[in-house]
Protein chains: 2
Amino acid sequence: MGTVTIKEVAQRAGVSPGTISNVLNRPERVAPATRKRVEEAIRELGFVRHGSASTLRAGHSRIIGLSVMDIGNPFFTDVAAGVEETASALGYAVILGNSAGSLAKEERNLRVLAEQRVRGVLITPSDDDPARFDQLRERDISVVLVDHPAHRPDQCSVTVNDVGGGQMAVAHLLGRGARRICHLTGPLTIRQCRERKLGAEQAVIAAGLDPTSTLELVEAPAMTARAGQQAAERMLDTGLLPEAVFCANDLLAVGVLRGLLLAGVNVPDDVALIGYDDIDFAAASTVSLSSIRQPTYRLGQIATELLLDECDNPGTHAHQQIMFQPELVLRESTGSPR
Amino acid sequence: MGTVTIKEVAQRAGVSPGTISNVLNRPERVAPATRKRVEEAIRELGFVRHGSASTLRAGHSRIIGLSVMDIGNPFFTDVAAGVEETASALGYAVILGNSAGSLAKEERNLRVLAEQRVRGVLITPSDDDPARFDQLRERDISVVLVDHPAHRPDQCSVTVNDVGGGQMAVAHLLGRGARRICHLTGPLTIRQCRERKLGAEQAVIAAGLDPTSTLELVEAPAMTARAGQQAAERMLDTGLLPEAVFCANDLLAVGVLRGLLLAGVNVPDDVALIGYDDIDFAAASTVSLSSIRQPTYRLGQIATELLLDECDNPGTHAHQQIMFQPELVLRESTGSPR
DNA sequence: AAATCCGGCTAACACGTTTTAATAGATCAC
DNA sequence: GTGATCTATTAAAACGTGTTAGCCGGATTT
């Protein structure tokens with residue numbers, strides 16, 4: 001039938017099944033001559049190792065789990081690409097789970113991962129409760145937090161400095177001479193939004209200015225282009241436009257841009273505009289968008305490397321909380337030449 | 001330690017391990033009273049089934065594989081979301097593989113999936129060679145093709161009518177009175193591009209017009225916004241703008257839009273513009289973009305349902321080649337009110 | 001009352017691999 | 001030439017679950 005086992009390979013090569021296993025897992029322990037014979041038999045019979053049997057005996061699989069909050073968001077997609085490529089290069093497969101912001105779905109995904117006895121889990125948690133992960137770690141499943149800081153020292157995490165990103169953005173606007181800045185944030189229940197806002201405030205203070213008069217906060221109900229356009233329309237209604245707008249998200253920024261351009265406002269001369277994330281579209285917009293770039297792909301890559309190091313070298317592994325620095329990308333929307 | 005087995009649950013509930021297995025797999029065969037006792041024991045001990053042991057014994061897993069061409073493309077992301085959600089609801093996990101257009105990576109991904117003895121595979125193949133899938137099917141792994149037509153009647157596939165989509169787009173432009181239309185396509189090695197182009201030509205013929213004088217073909221080297229903008233700049237250089245442009249892709253269309261607007265061309269009054277895919281950004285663009293919408297999420301959903309039906313009911317399953325119809329979405333770039 | 005049936009449960013083997021302890025053969029020191 | 005050391009291989013025992021055949025006791029039939 002379709003299923004050819006280690007035993008048949010052994011018979012074909014004239015050795016015992018144990019030797020086949022050695023060829024597969026510790027090739028250096030087997031004499032070159034027999035190794036060659038075995039490899040030939042494997043090819044002739046089209047043998048492929050039964051991963052489940054392997055996992056059952058070894059106690060752990062060569063699969064890692066990845067649970068993200070929103071598979072539709074380019075940020076997470078880029079992270080996922082980094083994870084997939086890194087894991088694949090090291091011989092690991094990736095099981096993908098999309099929690100879609102729902103805790104119930106996240107729980108269910110983690111349960112599936114536990115059933116599969118995955119080697120480890122990468123997760124961008126929906127909330128701040130660390131209890132769920134302990135449940136996994138009791139089962140010898142390593143966990144690395146992605147885009148979320150670890151609460152405990154014996155836990156790896158990979159994040160990007162959101163406070164620093166907010167600071168950069170607003171410092172840039174201040175440097176261009178803006179003194180009445182609007183910060184259009186997303187829901188402040190989102191940690192990233194809170195920190196970017198904090199960074200914005202710090203930049204104002206660092207410049208020796210008064211935060212309350214310099215920075216006006218507007219909280220959008222969602223981080224979408226539609227919400228951004230609505231926010232822009234409300235600004236226009238008040239009659240007093242800010243000199244610059246810092247959006248917590250490129251999608252918001254794109255919406256604001258559209259709203260302003262439709263009303264005949266000149267960007268960047270009347271109002272300067274900067275977003276966050278540097279999604280592909282930021283560069284392609286009618287007025288190309290200045291933004292804060294995050295090393296998304298690298299985020300996934302490093303998280304995966306940390307996870308697999310923790311799995312493969314449990315003795316020497318040192319838990320790390322890595323924080324990347326974002327990068328200011330200047331384009332037309334804050335007055336840079338294209 | 002962390003690992004609690006069926007045996008311990010059995011002891012706790014005062015039954016044999018076989019009964020636990022029955023509770024998990026055929027609950028109706030066990031008396032309500034004992035079932036309740038077992039379920040309680042499971043909860044108390046925090047038992048979770050060992051997926052690999054289960055797979056080994058049962059001969060198949062509760063995992064399906066998904067191999068896509070480009071995880072960064074919103075089209076595939078949306079398909080993946082449909083797959084993930086549908087599979088998850090039916091108790092299946094999804095292993096994600098990104099072939100990134102490389103056949104070698106695709107091969108490697110399929111190998112990993114074969115090792116895991118996945119229940120089935122959803123794949124958007126990089127080329128037209130059907131031999132690779134036969135290799136899987138010999139191992140009792142079902143295969144459903146996504147966004148690619150099946151060559152054989154005993155093979156399921158789910159596609160979207162690309163010829164029809166091209167037809168719709170150009171018919172709409174003709175209906176607005178355009179008689180000099182530019183079709184900006186992507187590389188014609190891509191099947192989808194070839195078919196959309198064919199549809200465009202058919203629409204012209206159906207309107208009783210001459211294809212060669214009505215439709216000008218421009219082939220972009222890539223389907224990106226940058227390539228679109230460059231194409232627009234070349235059109236402007238010639239001095240003779242078309243009355244309308246049909247792009248094989250929204251990203252191309254966004255680039256064209258940017259190029260035209262920067263040159264002071266009015267869209268849609270001077271040049272009408274329509275894209276393909278209806279990515280989120282199409283609606284958010286400065287001049288919102290008319291486009292051809294594909295039922296991406298549903299594509300993933302139906303493909304998954306077909307696959308699991310083929311797995312669970314091998315007797316009654318009827319292989320199907322399903323083709324969805326795309327949908328015309330009208331916005332400002334072809335003159336519709338916003 | 002004996003024969004039959006049936007629901008509910010158990011015992012035990014099988015799935016394909018990894019790993020440990022043991023074996024046989026070869027090499028080496030003395 | 002004898003015993004010790006080392007190398008290449010093997011036999012056999014796990015890993016945790018699913019499944020099959022069979023057992024037991026009570027209910028139903030004749």
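For the numbers below, each heavy atom of this structure counts, side chains included, while hydrogens, waters and symmetry mates do not. Per chain, numbering begins at 1; letters A, B, ... match sequence-line order.
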Reckon [X] has a side-chain N or O less than 4.0 Å from the OP1 or OP2 of [N]?
X      : N       : answer
T34(B) : dC9(C)  : yes
R26(B) : dG18(D) : no
T19(A) : dT10(D) : yes

Return yes if a side-chain donor-acceptor contact under 3.5 Å exists between [X] and [Y], otherwise no.
X       : Y       : value
R108(B) : S88(A)  : yes
S142(B) : R137(B) : no
D147(A) : Q192(A) : yes

Nucleotide nearest [X] (side chain, heavy atoms from C-beta), chosen from [options]:
X      : options                   : result
F47(A) : dT17(C), dT17(D), dG16(C) : dT17(C)
R57(B) : dT18(C), dG16(C), dC13(C) : dC13(C)
L24(B) : dG18(D), dT10(D), dT19(D) : dG18(D)
S21(B) : dG16(C), dT18(C), dT19(D) : dT19(D)

Q.
What verdict does the side-chain contact (heavy atoms from CB on, under 4.5 Å) test give for H319(B) and E310(B), after you've listed the backbone C-alpha separation in whole Å, the side-chain angles of each residue and the deciding distance to 0.1 Å?
A. CA-CA 8 Å; H319(B) 296 281; E310(B) 183 171 336; 3.6 Å; yes
Q: Just call it for T5(B): base, sugar-phosphate, or nothing, with non-hydrogen atoms closer than 4.0 Å on any strand.
A: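 It contacts sugar-phosphate atoms only.
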Q: Would you classify S54(A) as touching base, sugar-phosphate or nothing, given that sugar-phosphate means primed atoms plus P, OP1 and OP2, and contacts are heavy atoms under 4.0 Å?
A: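 Contact class for S54(A): sugar-phosphate only.
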Integer-rounded Å distance: [N] [atom2] and [X] [atom1]:
X       : N       : atom1 : atom2 : result
H50(B)  : dG16(C) : NE2   : C1'   : 14 Å
K36(B)  : dC9(C)  : NZ    : C1'   : 21 Å
I20(A)  : dA11(D) : CD1   : C1'   : 15 Å
E28(B)  : dC9(C)  : CD    : P     : 13 Å
R117(B) : dG18(D) : CZ    : C1'   : 18 Å
E8(B)   : dC15(D) : CD    : C1'   : 13 Å

Q: Specify the residue among R49(B) and R29(B) whose closest nucleotide of DNA chain D lies further upstream toward the 5′ end.
A: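 Looking at DNA chain D, the more 5' nearest nucleotide goes with R49(B).
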Q) Would you call E39(A)-R43(A) a salt bridge at under 4.0 Å N-O? A)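 Salt bridge flag = no for R43(A) with E39(A).
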